[in-house]
Number of protein chains: 2
Amino acid sequence: MSSKPTTITEIASILNISASTVSRALHDHPSIGLTTRSKVKKLAKELNYEPNQTAIFFQKGKTYTIGVILPELSESFFSTAVSAIEDTAYKKNYTVLLAQSHDSELTEKQLVEKMKNHRVDGLLVSVAKNTSTFDHFRSLEKYNIPIVFFDRVPEIPDIHYVGCNMETGTIEAVNYLLKKGHRAIGMINGPKTLLASGQRREGYIKAMIGNRLKFDPSLVVSCDLTEDGTKEALNELLASKRKPTAIVTFNDYVSLFAIKYARSLNISINTDLAFVSYANLPLINYMDHTPVASVEQFPYLQGQKATDILLDLLNQKNLKTQEHAAYYRIIIESQLIENKKGFL
Amino acid sequence: MSSKPTTITEIASILNISASTVSRALHDHPSIGLTTRSKVKKLAKELNYEPNQTAIFFQKGKTYTIGVILPELSESFFSTAVSAIEDTAYKKNYTVLLAQSHDSELTEKQLVEKMKNHRVDGLLVSVAKNTSTFDHFRSLEKYNIPIVFFDRVPEIPDIHYVGCNMETGTIEAVNYLLKKGHRAIGMINGPKTLLASGQRREGYIKAMIGNRLKFDPSLVVSCDLTEDGTKEALNELLASKRKPTAIVTFNDYVSLFAIKYARSLNISINTDLAFVSYANLPLINYMDHTPVASVEQFPYLQGQKATDILLDLLNQKNLKTQEHAAYYRIIIESQLIENKKGFL
DNA sequence: AATATTTGCGCAAACGTTTGAGCGTCTTTT
DNA sequence: AAAAGACGCTCAAACGTTTGCGCAAATATT
């Protein structure tokens with residue numbers, strides 16, 4: 001019934017050769033003759049030999065596991081990012097250990113500890129929205145566990161990351177709205193701890209100034225990304241002197257919260273008040289009242305790049321290249337996508 | 001810089017005792033005296049000792065990894081199920097190896113092979129929608145790797161599974177519509193390979209007959225769950241002699257596709273044509289035109305139960321209980337949830 | 001024909017932990 | 001006081017693989 005898997009040693013004893021020869025033969029080591037090599041491979045195939053990964057992991061002192069810590073798996077952005085991470089890692093025989101911080105700084109810290117204990121080879125992190133200290137990540141580097149941040153990148157120096165530059169997309173977004181005739185353009189931004197919030201703000205300012213318009217700080221408010229927070233933010237904007245006719249929101253969820261609330265105030269979406277957002281979630285395809293445009297952040301690409309970088313770092317470590325040249329800072333340019341829905 | 005982690009042997013040599021004593025002390029083995037035990041634990045804490053998992057995995061001949069194969073991670077149902085699996089597994093020191101079949105039978109087979117090679121201890125599977133043969137799963141059992149199916153459960157005997165009984169929810173759904181006065185109730189069902197499709201059909205029939213209504217087979221059509229397939233199915237229903245005033249759809253996506261298409265035909269949703277669906281996706285909260293009710297399938301609970309069962313099976317295996325009593329068949333009753341939206 | 005080089009393989013150690021068996025030493029029982 | 005038992009610890013093997021080193025035989029170089 002439960003036939004034990006074949007081992008290298010068994011193959012060796014059957015062929016009356018040493019285990020090391022078998023190992024080398026299977027790895028096409030040049031010092032093994034063609035005849036024995038083919039004999040070994042033939043028998044291995046016959047016996048359905050599969051290398052014992054746990055033994056290899058142990059022997060190599062590596063787990064071939066990369067940890068992934070992100071806020072919320074059920075968010076479409078992250079699940080497609082994970083999908084990319086998974087695909088990329090699998091191709092190089094790496095396994096993905098997944099964990100969600102649920103956007104809590106405390107949980108995030110605990111997870112970092114757990115990952116360390118699990119001896120992951122490296123870590124991919126998208127930080128919780130309110131994480132304010134970053135010592136827990138620094139400590140991992142002491143253990144020689146490289147970290148690559150993606151998407152939610154903290155504003156600290158000397159880290160590897162791949163992020164999406166929100167500035168370009170934001171400039172495009174504001175320009176788009178200006179072209180449509182809007183002048184009072186509001187922004188519901190995210191928490192100030194996030195790099196992306198700063199970029200959005202910068203993009204907003206640059207676009208305004210680039211069009212010889214003055215920047216009105218009261219039109220940019222931040223929120224905590226919750227439904228209630230969005231309501232407050234929208235109230236604030238609607239109460240401002242120059243009532244905006246268009247609003248750029250931090251992401252699609254905020255946008256949908258805002259749209260929902262605005263409709264409850266009998267504001268007609270995209271005629272009285274137009275929305276532009278970020279993320280371009282698939283659920284937008286099902287909606288009736290949606291942002292007129294959305295800034296795509298390329299989650300699959302981000303996940304892929306981040307994993308590539310991490311695997312590269314792990315190889316560097318292998319090669320004992322103590323001085324890795326520099327920090328990877330991959331920036332993907334965001335891109336405004338106009339929302340072309342059917343007639344809905 | 002890269003301080004190597006402490007090992008049991010190091011602790012042993014510092015205290016001038018044997019490694020086995022240290023190991024036993026840390027595990028509170030009764031044969032170790034109180035004094036040495038506390039000495040060991042104290043030093044272990046000081047040196048920040050963390051057991052080398054790879055060594056333990058290797059030694060125990062287990063990977064402490066459970067594989068998860070599911071169709072699509074980005075579907076909200078599965079991502080919350082994975083969330084549950086992850087949580088449950090982590091508590092027992094298990095790691096989750098994730099893979100997506102993208103609803104392809106071929107990919108699924110390849111993944112099963114990969115999982116075997118990775119020596120996962122057990123497998124959690126939700127099958128691809130068109131998987132028709134199941135030998136690839138059977139072969140794993142020969143290797144003593146237990147499988148627990150969840151949600152998308154194949155219709156084959158002698159398997160462990162946790163599923164959601166769609167019959168009850170469907171009966172509730174049809175009763176609900178009947179109560180609202182509908183008489184011509186259509187159903188857009190899923191592929192016939194899925195157990196859940198049969199259950200929905202059964203529930204539909206039982207509800208009709210239970211209300212002394214005759215069952216009209218032309219009102220139940222199946223579709224492949226794609227947008228185009230949904231259109232076809234809806235066309236078919238609309239063309240039938242008794243044009244339905246309400247439709248029960250296989251899941252929320254199908255429902256939304258159908259609603260989208262129906263609106264394009266100028267059919268007024270929930271007045272001309274009411275929809276009831278399954279899954280109760282969060283995105284429903286953002287929609288304007290949604291099903292009036294949805295059958296909840298409890299993804300978190302399913303993931304949790306399935307993991308519990310798998311871990312239990314793994315323990316049985318440990319205890320060399322060759323004859324495991326029987327097959328786990330956990331069935332969670334689905335439940336109709338009325339869609340109480342604000343004024344939207 | 002003698003020396004140098006290559007080719008093909010085996011030996012043994014190493015990775016860190018767990019665990020059955022063994023063995024002194026101290027305490028208890030008769 | 002001798003036998004029996006409990007206690008506390010050590011020894012050594014085992015898990016499967018990789019890899020530096022060494023050694024013989026075959027081949028190539030003078």
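Naming: A, B, ... by sequence-line order, numbering from 1 per chain. Fair warning: this is a prediction, and the values are worked out from it, not measured in the lab.
Within the structure, the salt bridge (Lys or Arg N to Asp or Glu O under 4.0 Å) test picks out the following pairs touching residues 18-41 of chain B (sequence neighbours left out): D28(B)-R37(B), D28(B)-K41(B). For residues 86-95 of chain B, there are no salt bridge (Lys or Arg N to Asp or Glu O under 4.0 Å) pairs, not counting sequence neighbours.
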How does each nucleotide of nucleotides 9-18 of chain D score, in 5' to 3' order, for protein heavy atoms under 4.0 Å: base (B), sugar-phosphate only (S), or none (-)? BBBB--BBBB
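The aromatic rings of H160(A) and Y327(A) lie tilted to each other, with the angle between the two planes from 30° to 60°. Ring orientation note: the planes of Y94(B) and Y64(B) are tilted relative to one another, at an angle of 30° to 60°.
Under 3.5 Å, the side chains of S104(B) and H102(B) contain no donor-acceptor pair of N or O atoms.
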